[in-house]
Amino acid sequence: MKDVLITGGAGKIGFNLVEKLVETNCNITVLDLESRDSLKKFVKIKDQVKVVYGDIEDANLVRDLVKRNDIVIDYAGIMPPLADLNETIANSTNFNGTKNIVDAINELNPECVYIYMSFISVYGQTHKKVRKLSIDTESTHPEDYYSISLIRSEDYIRSNLKKYAILRMPIVLTRKNHFINHMRLDRTIDFITKENLNDLVLGIMRSSKIYGKTFNISGFKAKGREVVELFYKATGSISILGRNIYYGEYEDSDRVDKIFKVDYSALSNVEIDDGKSRIRVGFKKFVNYPRYLLFKFKTRNIKK
């Protein structure tokens, strides 16, 4: 029976992993900040999960938790747009928290496996129509604080640990994802559902083949405009401004697929749960319909 620590386990992606792990024979500990949302989420599974409310920047707390666990899965992080306000904010959790975990593993529990969730943005942006990415692709040196903090974290992990796996995620299809509102409409982009992502994490937890490796992971590829339309139809929300984020698309994500068999969703069977009633979603669609028409106008000449 494995003892597993999940940081950021109250977030949408992290909590999905907690729910999956509850169905296994693992002992689960979650570290996250206390909030109304986190308190509400853990009520139903309070007898199956140990919840510790605290900050990953608290080195003593992290040390105490790391020494008690066999695996650390790190979903903690400050995301854009907040992470890009300044360097201090980006590094507070995204790098300093990572450093606390790595240092604690080295000092107290060197057999502990660290699974770190990184992101495709470490490769930086490009103006190319098509940009294929592999683990060996040289970064264009992103300037945003969020991506820089991830690069620092990756480098620190590789320099100090042997039992780790770095997973460079694509855009995860969650309802409130900053990158959904900023991706290029005319590009093919990698996407994954939180369910598929965590199925992959479960597989990685059970294998020593991943130690000391970095993986690009991708569930499926789709045009940005197709995903925007999906979100509008499911939630009534749509954004047509500031669409300049494009990092490329993975060409080596099958490396991890050859080790772990995951039945990935395709865009055609992805369901986005807005958490709102059909009436509220319908009202939002009505209010945002002019934006939707503008979106259709902007994308009508984009070749498929």
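As the structure is a prediction and not an experimental result, all values here were calculated from the model.
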Given the rule in the side chain to side chain contact (heavy atoms under 4.5 Å, CB included) test, do Y75 and V201 qualify, once you have shown the distances and angles that lead to the verdict?
CA-CA 11 Å; Y75 271 123; V201 171; 3.9 Å; yes
Side chains of D190 and S218: is there a donor and an acceptor less than 3.5 Å apart?
yes
Option from K129, K298, K223 for which salt bridge (charged side-chain N to carboxylate O under 4.0 Å, His left out) with D186 holds
K129
Are any non-hydrogen side-chain atoms of I217 and L200 less than 4.5 angstrom apart?
yes
Within 45° of the ring axis of F283 and under 6.0 Å from its six-membered ring centre, is that where the NZ or CZ of R280 lies?
no
Which atoms form the tightest heavy-atom contact between A165 and I204, and what is the distance?
CB-CG2, 4.3 Å
Heavy-atom closest pair (N181 atom, S239 atom, distance to 0.1 Å) is OD1-CB, 3.6 Å
Is it the case that more than 12 heavy atoms not belonging to K20 sit under 6.0 Å from its NZ atom?
yes
Between S147 and S121, the two heavy atoms sitting closest are OG-OG, 2.8 Å
In the structure I gave you, are the side-chain heavy atoms of V4 and D70 within less than 4.5 Å of one another anywhere?
no
Donor-acceptor contacts, no H, no angles, side chain residues 102-115, under 3.5 Å, sequence neighbours left out:
| unit_1 | atom_1 | unit_2 | atom_2 | d |
| --- | --- | --- | --- | --- |
| D103 | OD1 | Y156 | OH | 2.6 |
| D103 | OD2 | K99 | NZ | 2.8 |
| N106 | ND2 | N160 | O | 3.0 |
| E107 | OE1 | R63 | NH1 | 2.7 |
| E107 | OE2 | R63 | NH1 | 3.2 |
| N109 | ND2 | V66 | O | 3.0 |
| N109 | ND2 | N69 | O | 2.6 |
| E111 | OE1 | K163 | NZ | 2.4 |
| Y114 | OH | D74 | OD2 | 2.5 |

Which residues satisfy the side chain to side chain contact (heavy atoms under 4.5 Å, CB included) test with F179, sequence neighbours excluded?
M79, P80, F119, Y146, I171, N177, I245, Y247
Answer yes or no: is there an ion pair linking E154 with R168, defined by an N-O contact shorter than 4.0 Å?
yes
Interatomic spacing from CD1 in I6 to CG in D32 - rounded to 0.5 Å:
10.5 Å
Can you list the steps and then say if I89 with N86 is a side chain to side chain contact (heavy atoms under 4.5 Å, CB included)?
CA-CA 6 Å; I89 292 176; N86 63 59; 3.4 Å; yes
Please indicate whether Y211 has more than 12 foreign heavy atoms, meaning atoms of other residues, nucleotides or ligands, lying under 6.0 Å from its OH.
yes
Return yes when atom CZ of R158 has more than 12 non-hydrogen atoms of other residues, nucleotides or ligands closer than 6.0 Å, and no otherwise.
yes
Does T174 have any side-chain hydrogen bond (donor to acceptor under 3.5 Å, both in side chains) partners at least two apart in sequence or in another chain, and if so, which?
none
Residue that, paired with F215, satisfies side-chain contact (heavy atoms from CB on, under 4.5 Å) out of I166, I259, D257:
I259
More than 12 heavy atoms of other groups within 6.0 Å of L293 CG
yes
Within the distance-only criterion (no hydrogens, no angle test), does the side chain of N100 pair as donor or acceptor with the backbone N or O of I56 below 3.5 angstrom?
yes
Flag the pair F260 / S207 as yes when at least one side-chain heavy-atom distance between them is below 4.5 Å, and no otherwise.
yes
Could you list the donor-acceptor pairs under 3.5 angstrom formed by side chains in residues 41-55, with sequence neighbours left out?
| unit_1 | atom_1 | unit_2 | atom_2 | d |
| --- | --- | --- | --- | --- |
| K41 | NZ | A10 | O | 2.6 |
| D55 | OD1 | E57 | N | 2.9 |

What distance do N25 atom CG and K2 atom NZ have between them, rounded to the nearest 0.5 Å?
10.5 Å
Between R187 and E249, does any NZ, NE, NH1 or NH2 come within less than 4.0 Å of an OD or OE carboxylate oxygen?
no
Within the structure provided, determine whether R131 and Y123 are in side-chain contact (heavy-atom separation under 4.5 Å).
yes
With distance as the sole test, does R300 use its side chain to make a donor-acceptor pair with the main-chain N or O of F297 at under 3.5 Å?
yes
Under 3.5 Å: donor-acceptor pair, side chain of Y116, backbone of V72:
no
Taking C-beta and beyond as the side chain, do F231 and I238 meet within less than 4.5 Å on heavy atoms?
no
One pair to check against side chain to side chain contact (heavy atoms under 4.5 Å, CB included): V228 and L185. What are the steps and the verdict?
CA-CA 8 Å; V228 171; L185 297 174; 3.6 Å; yes
Report the residues that fulfil ring-ring contact (aromatic ring centres under 6.0 Å, His included) with H178, sequence neighbours left out, ordered by chain and then residue number.
H182
Residue that, paired with T98, satisfies side-chain contact (heavy atoms from CB on, under 4.5 Å) out of T93, I157, N91, L150
I157
What one should report as the nearest heavy-atom pair of V122 and S118 is CG1-OG, 3.7 Å
For N216 and E251: C-alpha separation, side-chain torsions, deciding distance, then whether side chain to side chain contact (heavy atoms under 4.5 Å, CB included) applies.
CA-CA 9 Å; N216 290 328; E251 63 176 359; over 6 Å; no
Are any of the side-chain heavy atoms of N198 and E195 separated by less than 4.5 Å?
no
Under a 3.5 Å distance rule, please check whether T7 uses its side chain to pair with a backbone N or O of V30 as donor and acceptor.
no
Determine whether Y250 and I135 fall in the same hydrophobic cluster, where Ile, Leu, Val, Met, Phe, Trp and Tyr are linked whenever their side-chain heavy atoms lie under 4.5 Å apart.
yes
Residues in ring-ring contact (aromatic ring centres under 6.0 Å, His included) contact with Y292, at least two apart in sequence or another chain:
Y232
Please determine if R225 and E229 form a salt bridge, counting it only when a charged side-chain N lies under 4.0 Å from a carboxylate O.
no
Could you measure the distance from the CG atom of L167 to the CG atom of L197? Nearest 0.5 Å is fine.
7.5 Å
